[in-house]
There are 2 protein chains.
Amino acid sequence: MSSDDTRGRIIDAAGEVFAEKGFRAGTIREICRRAGVNLASVNYYFGDKEHLYIEAFKLAHPAGPEPNLAQDWPDGALPNEKLRAFIHEMFKRLLRVESPAWQMRLLQREILEPTPFCMDVMREYFLAKSTHLMSVLDEVLPPEMPLYRRHQIGFSIIGQCVYFRAASPVIRMVIGEREQSEHHTVESLTDHVCEFVLAGLGLAPPLGKTAGDDNRLDFSRTDQAAAFTPQRKHESFVDEQEQDRVKP
Amino acid sequence: MSSDDTRGRIIDAAGEVFAEKGFRAGTIREICRRAGVNLASVNYYFGDKEHLYIEAFKLAHPAGPEPNLAQDWPDGALPNEKLRAFIHEMFKRLLRVESPAWQMRLLQREILEPTPFCMDVMREYFLAKSTHLMSVLDEVLPPEMPLYRRHQIGFSIIGQCVYFRAASPVIRMVIGEREQSEHHTVESLTDHVCEFVLAGLGLAPPLGKTAGDDNRLDFSRTDQAAAFTPQRKHESFVDEQEQDRVKP
DNA sequence: GTTGATTTCAAACGGGCGTTTAATATAATT
DNA sequence: AATTATATTAAACGCCCGTTTGAAATCAAC
């Protein structure tokens with residue numbers, strides 16, 4: 001258990017604070033206050049703020065046993081099952097609210113705004129993650145598809161997952177608090193991204209209406225859509241969510 | 001023209017600096033240095049740093065003429081053409097390197113880490129953007145699909161676009177500088193996301209291999225109802241390990 | 001040219017930050 | 001018990017920040 005000694009308590013508190021506010025805005029004073037230790041302890045145990053951040057990040061990086069290794073799969077697993085497991089794991093980590101919730105937030109922060117001193121750990125982590133996803137995609141994508149194209153597809157999948165987490169404040173502005181808490185859960189988002197991605201890859205039926213004859217462009221567009229699409233629903237965008245926190 | 005007087009030069013410089021470093025890390029001193037004005041000018045013209053940020057953000061928000069209004073479309077435009085135009089416009093704004101490159105970066109920053117004083121402008125902007133995307137999707141998605149599902153699809157599309165920009169440093173770590181500069185251009189990424197999204201919606205052929213039936217599910221003929229059968233919730237083979245890492 | 005308002009300027013203020021220090025308390029070793 | 005090593009503490013240092021100030025410069029109108 002790392003939260004017994006001073007050093008461990010500092011790292012834990014640092015992880016929380018840095019994940020919440022970032023490296024620069026997260027202050028040593030708050031970290032020490034939260035850890036219940038003296039201000040000078042950080043410099044005593046870690047030298048300076050930067051090295052404390054690195055230590056916290058190293059702890060966050062391999063956070064928990066990385067379960068998604070290629071050889072972990074049962075031999076008979078279908079590609080869509082593997083893909084689903086990958087996305088599910090991603091959302092579980094991104095959205096988890098349990099005790100060590102800060103690890104993924106810290107990682108996410110490094111993705112979107114890298115600090116110069118963690119590049120090596122980051123590269124290692126993402127190479128592993130990407131390689132794993134690529135190995136799954138390889139079973140699905142045609143062999144003649146160029147590598148850059150496979151990469152684009154992989155990042156499209158990861159990007160969707162990360163976005164739902166990273167942009168959640170702005171998403172809440174659009175769909176309202178209720179819809180978000182109800183439908184942007186691990187399970188619901190996993191279902192959605194899986195459906196969308198698998199459809200794009202041809203492993204599941206497409207999400208659009210299948211009115212036409214084949215999956216070519218469908219020409220039954222405007223009339224049908226205008227007739228059946230309830231326009232009211234768009235007004236529910238405005239969705240009476242009001243939290244104002246404005247300053248005087 | 002805003003860049004002639006002192007006030008305008010300050011706003012321009014503030015936009016750049018805030019877009020690069022964020023509200024907190026961007027200092028008034030650097031802004032004034034870049035604008036070539038005295039340090040006290042910010043407080044003379046704007047009162048304080050926060051109001052300067054708001055002014056810069058207001059200028060960034062309607063950056064350029066917003067071309068993507070629903071009524072702008074030619075009446076005969078197909079849904080996939082509209083979708084492509086939406087994605088293309090998104091990437092053009094996200095990846096542009098021309099003179100006012102900072103507007104979208106500032107907006108992107110507010111998406112991923114909102115400052116409390118721009119919420120209103122943000123909400124207005126994103127409601128408009130989302131409503132527009134939804135109106136396009138409505139022509140494609142079956143009318144009985146619930147609203148939350150449409151929202152998820154919309155955010156999946158936007159999320160892909162934003163991610164390619166926001167995570168570009170980490171993406172570069174994985175694919176290398178050459179592949180990124182060569183294939184992560186506005187046109188190449190527009191092509192990719194369009195293909196992927198349209199395939200997911202059934203407006204284009206899927207990206208996966210279509211030849212063999214080795215491990216591929218066959219959806220050659222599916223009725224519409226099949227598209228909405230919920231995925232199995234619990235994949236038993238998915239990892240169960242949620243333990244925290246314990247330090248030795 | 002004088003007056004009066006507006007704009008620029010150099011300098012400083014107070015506060016929060018990361019970091020250091022030197023003294024003290026605790027533990028370990030002999 | 002005495003001595004050394006280790007850990008904690010309160011206080012301070014120096015730095016950069018946003019902000020303020022009061023005087024100098026610039027401009028406008030008569």
Side-chain angles (χ1 to χ4, degrees), chain A residues 1-59 106 109-110 113-118 246-248, chain B residues 1-58 106 109-110 113-118 247-248:
Chain A
M1 196 55 74
S2 72
S3 21
D4 211 20
D5 51 337
T6 302
R7 194 188 135 96
R9 286 220 310 283
I10 293 178
I11 289 195
D12 286 345
E16 290 181 23
V17 172
F18 285 142
E20 276 178 29
K21 318 201 167 171
F23 174 74
R24 181 170 179 140
T27 71
I28 290 185
R29 281 175 164 83
E30 176 171 4
I31 291 169
C32 290
R33 195 180 338 115
R34 249 190 244 198
V37 304
N38 186 270
L39 172 65
S41 303
V42 162
N43 291 83
Y44 179 77
Y45 281 102
F46 302 94
D48 57 5
K49 187 183 181 185
E50 179 179 319
H51 284 83
L52 168 60
Y53 182 83
I54 294 176
E55 285 308 306
F57 185 76
K58 275 190 192 162
L59 188 71
L106 200 55
R109 217 172 247 287
E110 278 288 328
E113 201 156 12
T115 56
F117 23 88
C118 291
V246 297
K247 41 157 284 179
Chain B
M1 201 51 66
S2 72
S3 23
D4 209 20
D5 49 337
T6 302
R7 195 188 133 97
R9 287 219 311 282
I10 292 178
I11 289 195
D12 286 345
E16 290 181 22
V17 172
F18 285 143
E20 276 178 30
K21 318 201 168 174
F23 172 73
R24 182 171 178 141
T27 70
I28 291 186
R29 281 175 163 83
E30 176 171 5
I31 291 170
C32 290
R33 195 180 339 115
R34 252 191 239 198
V37 305
N38 186 271
L39 173 64
S41 303
V42 162
N43 291 83
Y44 178 77
Y45 280 102
F46 301 94
D48 57 4
K49 187 184 180 182
E50 178 178 319
H51 284 82
L52 168 60
Y53 182 83
I54 294 176
E55 288 307 307
F57 185 75
K58 275 189 192 163
L106 199 55
R109 217 173 247 287
E110 277 289 328
E113 201 157 12
T115 57
F117 21 89
C118 291
K247 60 183 269 185

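Labels below follow one simple rule: chain letters A, B, ... track the order of the sequence lines, proteins then strands, and each chain is numbered from 1. Values below: all heavy atoms of this structure, side chains included; hydrogens, waters and symmetry mates excluded.
- If one axis is set at each end of the helix from C:dG1-D:dC30 to C:dT30-D:dA1 from five pairs, those axes are 10° apart, to 10°.
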Per-nucleotide protein contact string for nucleotides 7-21 of chain D (B base, S sugar-phosphate only, - none; heavy atom under 4.0 Å): BBBB-B----BBBBB
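- Put simply, the side chain of A:V37 does not reach to within 4.5 Å of the side chain of A:I31, judged on heavy atoms.
- Evaluation of the ring-ring contact (aromatic ring centres under 6.0 Å, His included) test over residues 27-46 of chain B, restricted to residues two or more places apart or in two chains, returns none.
- Atom CD1 in B:I10 sits roughly 12 Å away from atom P in C:dT7 (whole-Å rounding).
- With sequence neighbours excluded, no residue satisfies side chain to side chain donor-acceptor pair (under 3.5 Å) with B:S41.
- Here C:dT8 presents its P atom at 12 Å from CZ of B:F46, a figure rounded to the nearest Å.
- Annotation: side chain of A:L52 is not in contact with side chain of A:F23 (no heavy-atom distance under 4.5 Å).
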Show the distances under 3.5 angstrom between N or O atoms of the protein and N or O atoms of nucleotides 23-26 of chain C.
none

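- Remark: B:E55 pairs with no residue by the side chain to side chain donor-acceptor pair (under 3.5 Å) rule, at least two apart or across chains.
- A side-chain donor-acceptor contact under 3.5 Å links A:D48 to the backbone of A:H51.
- Residues satisfying the side chain to side chain donor-acceptor pair (under 3.5 Å) test with B:E30, not counting sequence neighbours, are B:K21, B:R34.
- Contacts of A:E50 classified as side chain to side chain donor-acceptor pair (under 3.5 Å), with partners at least two apart in sequence or in another chain: none.
- Looking only at side-chain heavy atoms (C-beta outward), B:K49 and B:V42 stay at 4.5 Å or farther from each other.
- Here the shortest heavy-atom pairing between B:F57 and B:E110 reads CE1-CG, 3.3 Å.
- Whole-Å rounding puts the A:I31 CD1 to C:dT19 C1' distance at 14 Å.
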